[in-house]
Amino acid sequence: MSYVDEVIETIIEQNPGEAEFHQALREVMESIRVVVEENEEEYKKNALLERLANPERQIKFRVPWVDDNGQVQVNTGYRVQFNSAIGPYKGGLRFHPSVNIGIIKFLGFEQIFKNSLTGLPIGGGKGGSNFDPKGKSDREVMAFCQSFMTELYRHIGADTDVPAGDIGVGAREVGFLFGQYKRLSNLYEGVLTGKGLTFGGSLTRTEATGYGLLYFTNAMLKANDIDIAGKTIAVSGAGNVAIYAIEKAQQLGGKPVTCSDSTGWIYDSEGIDVELLKEIKEVKRERLTAYAKARESAEYHEGKGVWTVKCDIALPCATQNELQLEDAKSLVENGVLAVAEGANMPTTIEATEYLQENDVLFAPGKASNAGGVATSALEMAQNSQRLSWTFEEVDAKLQNIMENIFANAAAAAEEYGLDKNYVAGANIAGFKKVVEAMNAQGIV
Ligand code: NDP
């Protein structure tokens, strides 16, 4: 059995019931097989892949808090500090009822390679809780965040581990978390990113993942002689990533016609009204039915269905495994040219393979959604300098980073004779840098 297969088997056996982590592990290991085979003896002797696939540290804790009825609630908190070879752990916090250790480990593992691809000095980590902020009062969200941070603060720090937002963790939650960290540690430091602009946040961070997705997608399309202007775009999700992907797609001349949340989806023949969407999702925290009510050209459909819409470009921006084989088939049948992931691992392995086999350009999330964490690293740089850069300055850096990520992923794919397989290219480019740093630092 090859070293790669041996490691996949052992890690899966040692970490049962972590389906999403197994999926991410397989995807990365399959892609880097070509590099591992070139160095098999050395890597095996140093147990390099075993060290890569085992988090440096995994923290699980109790989060008790009191709801508005005086009832005590108990949630579980997690922080997985996966790999610090190239910098302090960096990765978001997810608050969603589906959160478990397998999901946090998949996200943390992916984060290692994503952060490496940005070219910035950040290691990989991820955390979160099975707490659901939806339907909770501001006071309840604050009580939860304060309790969560009361344990987490001892494990993080501006040069140790710098969390940020993810699903269910936006500006409000980051504000509460930062306030409690400052109170407990007596330190005003850049320990979280995605902060408000009045207390150390970076301009462009809110927009960064969505904008970055479009900068990457545009670079990929251009390299394949496709103009984004005039293209119909299907987007899933209606959160931070989706909203700013829609906004930038429109600025580049594309026409996004869909968005979705966990209960239904919108088709808007006139193109999504992004200001209306922001008002509904960011200000009023309402469901998408409110969008359909406010706009004549919009249809609301219950359940899943975004990928049945005829489009040139598809941007999955909601959650993992939301684009499955039957969705990929429907996209191909409708003549899709490109799929670019805004969310983390939104496309199943079977769906990805089907799209690639049918010559659809495919941008993997760990490359195409890296704009969020890249801008978080720029927020860390500004906090360290005690300076704030302008929107234009950060946006220009973001664009440059995303174009470089595309160029590096494409170059790695070409170097290994993998043509336009940007999934493999991104994994290989991200892996090589981390491995070099791990080797230089000895057996730790
Ligand atoms: P938000 O919480 O802002 O939005 C998530 C959106 O996806 C919401 O519309 C939500 O609908 C929908 N969604 C969440 N879970 C499900 C589900 N199980 N089924 C269907 N729809 C669902 O999160 P973000 O926009 O920040 O994150 C979206 C994705 O992008 C995630 O995969 C995240 O890891 C990834 N990502 C985010 C980055 C960031 O900077 N924010 C950076 C890089 C990646 P509803 O409101 O109904 O739950």
Side-chain angles (χ1 to χ4, degrees), residues 134 167 170 206-218 221 226-319 322-324 326-343 346-347 355 360 363 365 368-369:
K134 237 177 279 162
I167 291 178
T206 305
E207 296 83 356
T209 309
Y211 277 24
L213 171 65
L214 267 294
Y215 293 144
F216 186 100
T217 304
N218 206 20
L221 294 174
I226 301 170
D227 188 351
I228 194 170
K231 297 288 184 290
T232 301
I233 305 177
V235 179
S236 65
N240 174 264
V241 180
I243 288 173
Y244 293 94
I246 290 170
E247 184 167 280
K248 182 53 75 179
Q250 287 173 344
Q251 289 171 11
L252 294 173
K255 186 182 176 191
V257 292
T258 65
C259 61
S260 67
D261 63 18
S262 49
T263 46
W265 59 284
I266 292 285
Y267 172 70
D268 188 336
S269 56
E270 296 290 308
I272 297 291
D273 178 341
V274 77
E275 290 311 317
L276 176 62
L277 186 61
K278 282 186 197 175
E279 176 70 18
I280 290 168
K281 284 293 173 183
E282 294 184 334
V283 183
K284 296 184 178 156
R285 297 178 188 272
E286 286 177 344
R287 311 305 302 164
L288 282 176
T289 40
Y291 181 98
K293 251 186 227 152
R295 197 152 149 97
E296 221 166 273
S297 54
E299 300 164 8
Y300 176 80
H301 302 267
E302 284 284 331
K304 248 189 97 166
V306 162
W307 313 126
T308 59
V309 170
K310 186 170 168 50
C311 65
D312 304 303
I313 299 166
L315 305 176
C317 297
T319 195
E322 53 160 312
L323 200 164
Q324 302 181 350
E326 63 270 27
D327 304 314
K329 286 184 177 165
S330 141
L331 285 168
V332 168
E333 209 174 293
N334 283 324
V336 77
L337 301 170
V339 174
E341 297 184 322
T347 318
L355 292 166
V360 176
S368 51
N369 74 27

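Computed from a predicted structure; not experimentally measured.
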Any pair with a residue in residues 234-259 that passes ring pair (Phe, Tyr, Trp, His ring centres under 6.0 Å), sequence neighbours left out, goes on the list, sorted by first then second residue, please. none

Which distance, rounded to the nearest 0.5 Å, do you find between the CG of Asp273 and the CD1 of Ile280? 8.5 Å

Taking side chain to side chain contact (heavy atoms under 4.5 Å, CB included) as the test, write out the residues that go with Ala238, two or more places apart. Leu277, Lys281, Leu288

Considering only residues two or more places apart or on different chains, which pairs with a residue in residues 329-341 satisfy side-chain hydrogen bond (donor to acceptor under 3.5 Å, both in side chains)? Glu341-Thr347

Compare every heavy atom of Val339 with every heavy atom of Pro316, then report the nearest pair and how far apart it is. CD-CG1, 4.0 Å

Give every donor-acceptor pair under 3.5 Å between a side-chain atom in residues 228-235 and any protein atom, sequence neighbours left out.
{"unit_1": "Lys231", "atom_1": "NZ", "unit_2": "Asp227", "atom_2": "O", "d": "2.8"}

Go through the structure and list residues passing side-chain hydrogen bond (donor to acceptor under 3.5 Å, both in side chains) with Glu247, not counting sequence neighbours. Tyr211, Lys278

Show me the donor-acceptor pairs, under 3.5 Å and distance only, between side chains in residues 250-257 and residues at least two apart or in other chains.
{"unit_1": "Gln250", "atom_1": "NE2", "unit_2": "Ile272", "atom_2": "O", "d": "2.6"}
{"unit_1": "Gln251", "atom_1": "OE1", "unit_2": "Lys248", "atom_2": "NZ", "d": "2.7"}
{"unit_1": "Lys255", "atom_1": "NZ", "unit_2": "Ser269", "atom_2": "O", "d": "2.8"}

Minimum heavy-atom separation for Thr206 to Asn240, with atom names? O-ND2, 2.9 Å

Is the shortest side-chain heavy-atom distance between Leu213 and Leu315 below 4.5 Å? yes

List for me each residue that meets side-chain hydrogen bond (donor to acceptor under 3.5 Å, both in side chains) alongside Asp268, sequence neighbours excluded, and say none if there are none. Tyr291, Arg295, Ser297

For a quick test of reading the model, state the closest non-hydrogen atom pair linking Ala292 to Ala298 and the distance between them. CA-CB, 4.2 Å

Any chance you could measure Ser260, atom OG, to Tyr300, atom OH, to the nearest 0.5 Å? 9.5 Å

Rounded to the nearest 0.5 Å, what separates atom CD1 in Ile226 from atom CG in Asn218? 10.5 Å

Residue set satisfying side chain to side chain contact (heavy atoms under 4.5 Å, CB included) with Ala294, at least two apart, ordered chain then number -> Leu276

Test of understanding: with ring-ring contact (aromatic ring centres under 6.0 Å, His included), list the residues that count as partners of Trp265, not counting sequence neighbours. His301

Of the non-hydrogen atoms in Ala340 and Ser368, which two are nearest, and what is the gap between them? C-OG, 4.5 Å

Shortest non-hydrogen contact from Thr319 toward Ala343: N-CB, 3.7 Å

Counterpart residues, side-chain hydrogen bond (donor to acceptor under 3.5 Å, both in side chains), relative to Ser236 (two or more places apart): Glu322

Between the side chain of Asp327 and the main-chain N/O of Gln324, is any donor-acceptor distance below 3.5 Å? yes

Working to the nearest 0.5 Å, report the span between CD1 of Ile313 and CG of Leu331. 12.0 Å

Residues in side-chain hydrogen bond (donor to acceptor under 3.5 Å, both in side chains) contact with Thr263, at least two apart in sequence or another chain: Asp261, Arg287

Is there a side chain to side chain contact (heavy atoms under 4.5 Å, CB included) between Val241 and Asn369? Walk through the geometry before answering. CA-CA 9 Å; Val241 180; Asn369 74 27; 5.7 Å; no

Per the side-chain hydrogen bond (donor to acceptor under 3.5 Å, both in side chains) rule, what does the pair list look like for residues 308-318, sequence neighbours excluded? none

What are the two closest heavy atoms between Leu323 and Ala328, and how far apart are they? CD2-N, 3.8 Å

